[in-house]
Amino acid sequence: ISIHQANTPSSFTVESPNVTYSDADITSKYTYRTTDVSFANGAFSAAPRETVYDFKTERKVGKVGVMLVGWGGNNGTTVTAGIIANRRKLEWETREGPRAANYYGSVVMSSTVKLGTDTQTGKDVNIPLQTLLPMAHPNDLIIGGWDISGLDLAAAMDRAQVLEPTLKSLVRKEMVGMKPLPSIYYPDFIAANQEDRADNVLSGSQASMDHVEHLRKDIRDFKSANGLDRVIVLWTANTERYAELVPGVNDTADNLLKAIDAGHPEIAPSTVFAVASILENAPFINGSPQNTFVPGCIALAERHGAFLGGDDFKSGQTKMKSALVDFMINAGIKLTSIASYNHLGNNDGKNLSSQKQFRSKEISKSNVVDDMVAANNVLYKEGEHPDHTVVIKYMPAVGDNKRALDEYYAEIFLGGHQTISMFNVCEDSLLASPLIIDLVLIAELFTRVQWRKHAEQDWKSFHSVLSVLSYMLKAPLTPPGTPVVNALAKQRSALINIMKACVGLEPENDMTLEHKLF
Ligand code: NAD
């Protein structure tokens, strides 16, 4: 394959018999190389295997809208102001000098991938991830959504206490005109301390088909009012308690629909939003830890070929953990305990000060090292696991500047110990907002990608559960029965290499033999 750079440094075409460009699509024939392992007579035998796939990516991105559930919250207001600031290329004064809008923290917008090696200089050619395939630009996203609090987005932005006053004054006029749609509020699912902001709610405090139909109409109206090709719905509302898994209620698609119709008390608002989105074929992403995607909900999405992604934004402490533990265990260091303390003072923290909602977060945060531990059978015996504790406390004074204190304790050579202690100030909403953007852009991309076994007749979509979003998520949802990958580097490689396969490029193997063999 030879690659040449076009006029703009970040645009490229792939010159290969395996890749064709038409006005409508980019089609690639891609050889996926894996290794089959079997065990016989006391030994493994490993056999390379090749599977040939075709991928087809629609080139027209179209007009994309995003509807946030919890639009008036800290994340909702921050991502909205951030997109306006970027769209208008705003600059503002801070006590540290002038600042300009950017998309730092977005892997799509602010990280690069190696396209290849320059034939003349021998140096790596890196391009922004956003240019690897035709993707929406966040500046073009149309934003709307729902909130149980009726404050307009400007007042909600003040309530959030995240952004500099100088920046707020520049976006205020536009945000005053943005008003969240009334939402569904089932008080049993979020903390009682949220009740005083619930002044923008539809009638009914349990699931109903009326609610599903109302939300479906909201999505359709938003789509037609803005002339959109695609709407993505994303839950950035409060963390709910776990829903109990009840046979006959939320176990199958039909039972779930029946249970909604019957107003069953174990159906969470987030699941009602997911069902409405599935029925409108709008990808639904869950940024909070609760089990929105009960088995019946996943089955419904599979039935309708709709996309789901979740759960829980991976923004601060867990992102560090999924990078650091990956490093330690892959370095052959035996991690023996992780103690994680958080305190935060925003409304998310207030909601999490209630035990049932904290429990959702605790579950989401606790499994993040399982795959890395299980993969190292030199350090850990079957079933052995490092101790792992997560504590979260509500501390109003620190506001949105969450503190995460972690101690990693490990066993090293000949019984020695390594202790790593970390103090991480996570400006919560400024870390989460770029993840919201990434989740939307990547989910939208995968609505335009299709695959088939090479030369088969019919094209198919990726599985309804978009595990390719895992890099941005703390407790990645994967198709039923498939493994969960938490390790940050692997998650990034999966995303980038799948995107590369869509343009017929090999996965990045980091071998750089060209610099080693001469
Ligand atoms: P927030 O409390 O500021 O915002 C949540 C908003 O949701 C509020 O405005 C609330 O009124 C609204 N809401 C509650 N129930 C609703 C419903 N049924 N329908 C519509 N709106 C509803 O919280 P935040 O800081 O913006 O975080 C949002 C969510 O993202 C939380 O669940 C949090 O745990 C999760 N999360 C955040 C981060 C991060 O900020 N770094 C990381 C991981 C997960």
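Counting starts at 1 for both ligands and their atoms, in listed order.
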Give the residue, atom name and distance (to 0.1 Å) of the protein heavy atom nearest [atom].
| atom | result |
| --- | --- |
| atom 41 (N) of ligand 1 | S315 OG, 2.8 Å |
| atom 22 (C) of ligand 1 | A237 CB, 3.5 Å |
| atom 23 (O) of ligand 1 | D348 CB, 3.9 Å |
| atom 39 (C) of ligand 1 | A432 CB, 3.5 Å |
| atom 19 (N) of ligand 1 | S183 OG, 2.6 Å |
| atom 11 (O) of ligand 1 | D147 OD1, 2.6 Å |
| atom 8 (C) of ligand 1 | R197 NH2, 3.2 Å |
| atom 15 (N) of ligand 1 | I148 CD1, 3.7 Å |

Residue [X] vicinity, atoms of ligand 1 by number, heavy atom under 4.0 Å:
| X | answer |
| --- | --- |
| K474 | 43 (C) |
| S288 | 29 (C), 30 (O), 31 (C), 32 (O), 35 (C) |
| G70 | 6 (C), 7 (O), 12 (C), 20 (C), 21 (N) |
| D312 | 43 (C), 44 (C) |
| G287 | 30 (O), 35 (C), 36 (N), 44 (C) |
| T239 | 31 (C), 32 (O), 33 (C), 34 (O) |
| N74 | 1 (P), 3 (O), 4 (O), 25 (O), 26 (O) |

Looking at M499, I want to see if its CE is surrounded by more than 12 non-hydrogen atoms of other residues, nucleotides or ligands under 6.0 Å.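 For M499, atom CE is crowded (more than 12 foreign heavy atoms under 6.0 Å).
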Is the count of non-hydrogen atoms from other residues, nucleotides or ligands lying under 6.0 Å from E195 atom CD greater than 12?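 No, not enclosed.
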Can a non-hydrogen atom of [X] be found less than 4.0 Å from any atom of ligand 1?
| X | answer |
| --- | --- |
| K361 | yes |
| V69 | yes |
| G72 | yes |

Side chain or backbone, does I184 bring an N or O within less than 3.5 Å of an N or O on ligand 1?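 Yes, since at least one N or O of I184 sits under 3.5 Å from an N or O of ligand 1.
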Kindly confirm or rule out an N or O of N75 lying under 3.5 angstrom from an N or O of ligand 1.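 Yes; the residue has a nitrogen or oxygen that sits under 3.5 Å from a nitrogen or oxygen of the ligand.
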Can you tell me how far CD1 of I184 sits from OG of S205, rounded to the nearest 0.5 angstrom?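 S205 OG to I184 CD1: 11.0 Å, rounded to 0.5 Å.
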May I ask you to check whether H211 and Y186 place their ring centres under 6.0 Å from each other?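 Yes; H211 has its ring centre under 6.0 Å from that of Y186.
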Side chain to side chain contact (heavy atoms under 4.5 Å, CB included), paired with Q418, selected from I333, L335, T336: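 Option passing the side chain to side chain contact (heavy atoms under 4.5 Å, CB included) with Q418: I333.
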Test V369 against N486 for side chain to side chain contact (heavy atoms under 4.5 Å, CB included), laying out the working first. CA-CA 7 Å; V369 300; N486 288 294; over 6 Å; no
Name of the residue among K361, K393, Q317 meeting side chain to side chain donor-acceptor pair (under 3.5 Å) with N342: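 Only one of K361, K393, Q317 forms a side chain to side chain donor-acceptor pair (under 3.5 Å) with N342, namely Q317.
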So H137 and Y103, would you call those rings parallel, tilted or perpendicular, with 30° and 60° as cut-offs?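 Perpendicular.
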